[in-house]
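Below is one structure, written out as structure tokens, with a few remarks after it.
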There are 2 protein chains.
Amino acid sequence: MRQQERKIDTRARLLTAAADLFAEHGIAGASVDAIAQRAGRTVGALYGHFASKDELLFAVVDEWLADTATVVAAELELADDAEGRLASLWQAVSQPSSARWLALEHEVWSHAIRHPLALDRLRARYVETWQGIAQLADRWPEFSGAGANAPAVVGVLLGLAMMNQVSPGSITQEMAVRTLHLLISSPDIQGATP
Amino acid sequence: MRQQERKIDTRARLLTAAADLFAEHGIAGASVDAIAQRAGRTVGALYGHFASKDELLFAVVDEWLADTATVVAAELELADDAEGRLASLWQAVSQPSSARWLALEHEVWSHAIRHPLALDRLRARYVETWQGIAQLADRWPEFSGAGANAPAVVGVLLGLAMMNQVSPGSITQEMAVRTLHLLISSPDIQGATP
DNA sequence: GTCTATACAGGGATAGAC
DNA sequence: GTCTATCCCTGTATAGAC
């Protein structure tokens, strides 16, 4: 394996290890030593790839968003009606395997609230997500109101996922779908501003 | 001031200082030394009142819930129609001064996801909140569906508040009220289980 | 009931070797 | 590109004095 290939491999290993440990033990609880060790490398290698622990965190989150967008897009194509597509969105955030993501999301929020730079990056990521929701209208007519309410759509998904995590089963798919349906199909929900 | 009075005073000071610092710097970022110092005491006094940093955290959160329930109940009484009451709920979580609470909430979630005991206490607190929402039906008829959807109501409030924090103004009061209205007035939203 | 002093542990980041 | 060794800082919790 040439050095360049090893470098790419090391970066990937570090990102995976960091994602796992940040989710399991929190940002503060996951030491750079532990991350490097799980990746089969040492701290030296880690700092050769990322300037700081924070930069590593941002890289982890960015990679996660890209991966998820791809997966969700594919699942939306598989559904064959409006209900099915809304259910896909709910499934994406509520399935048990998303618990890891939710844990990481709370960590990032906690971190961002206190670090202006991190907050900017968090905001940029959500704006990107909102745009993705808005663009669903180009593909399916039932999302006609999604543009104006995209932040609310994401907020509802996030909030319901949280409740579902404290008490699994407390949120039914029907509840989620019906709430989302109200938001995506009402372009004028913001008020009667003509 | 007698010793008993001083003890009560010290406990109150510690709780206030802890709430402030946990919100400002995170649970991990707020040292017990800093908390004690802000309260005008020392670590010794802190450990005289709370067995550990975790116990202090739980006490802070419990106190916050009790205070908030009282405030929200009072504001609900002041509103004079259904829209107004839903707007009160939204105001309670979205006003700028609630940012501190939201920060603390993320901290607690991050903490709870990794600590089973803390998760139990978090769950118990949410169940208590859900019950409070359900009981609104006894007071106002428009909350007839709140019982079945209480977790969703709380989830929506939380999720929308989060979006409003990353991008202030992205969620209008109209959006929040309309979404909440769907949930509280639909006893059968869970599906056609008779 | 509260303070001071301290034991004890752990983490982020860097320097220099290979 | 990666490793080893180390600096330096900070934190939780306890012991014993007052």
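Since the model is a prediction, treat every value here as computed from it, not as a measurement. Naming convention: chains lettered A, B, ... in sequence-line order (proteins, then strands); numbering from 1 in each chain. These values consider heavy atoms only, across backbone and side chains, with no hydrogens, waters or symmetry-generated copies.
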Discussion item. Going by side chain to side chain donor-acceptor pair (under 3.5 Å), name the residues that satisfy it together with A/E77, two or more places apart in sequence or in a different chain.
Written reply: A/R139
Discussion item. Using whole Å, what does the distance between atom P of nucleotide C/dG11 and atom CG of A/L56 come to?
Written reply: 15 Å
Practice prompt. Using a strict cut-off of less than 4.0 Å between a Lys/Arg side-chain nitrogen and an Asp/Glu carboxylate oxygen, indicate whether B/E55 and B/R121 qualify as a salt bridge.
Written response: yes
Worksheet item: Between D/dG1 atom P and A/R13 atom CZ, what is the distance in whole Å?
Response: 17 Å
Worksheet, complete the sentence: Sequence neighbours excluded, the answer for side chain to side chain donor-acceptor pair (under 3.5 Å) partners of B/H111 is B/D54
Practice prompt. Mind calculating the distance between NE2 (A/H49) and P (C/dG12) to the nearest angstrom?
Written response: 18 Å
Discussion item. Using the side-chain heavy atoms of A/T42, tell me which of these nucleotides is nearest: C/dT2, C/dG1, D/dT4.
Written reply: D/dT4
Response to the item:
For A/Q37, the side chain to side chain donor-acceptor pair (under 3.5 Å) test, sequence neighbours excluded, returns none
Worksheet, complete the sentence: Hits for side chain to side chain donor-acceptor pair (under 3.5 Å) against B/D33, two or more places apart or cross-chain, chain-then-number order -> none
Discussion item. Please tell me if B/R6 has a side-chain N or O lying less than 4.0 Å from either OP1 or OP2 of C/dT2.
Written reply: yes
Discussion item. Expressed as a whole number of angstroms, how long is the span from B/I35:CD1 to D/dT10:P?
Written reply: 17 Å
Worksheet item: If you look only at pairs with a residue in residues 37-60 of chain B, which of them pass as a ring-ring contact (aromatic ring centres under 6.0 Å, His included), with sequence neighbours excluded?
Response: none
Fill in: Contact state string [nucleotides 12-18 of chain D, B base, S sugar-phosphate only, - no protein heavy atom under 4.0 Å]
BBB----
Discussion item. Expressed as a whole number of angstroms, how long is the span from A/R11:CZ to D/dT2:P?
Written reply: 12 Å
Practice prompt. Round to the nearest Å and state the distance from A/L14 atom CG to D/dT2 atom C1'.
Written response: 11 Å
Worksheet item: Quick one: A/L46 CG to D/dT4 P, roughly how many Å, whole number?
Response: 14 Å
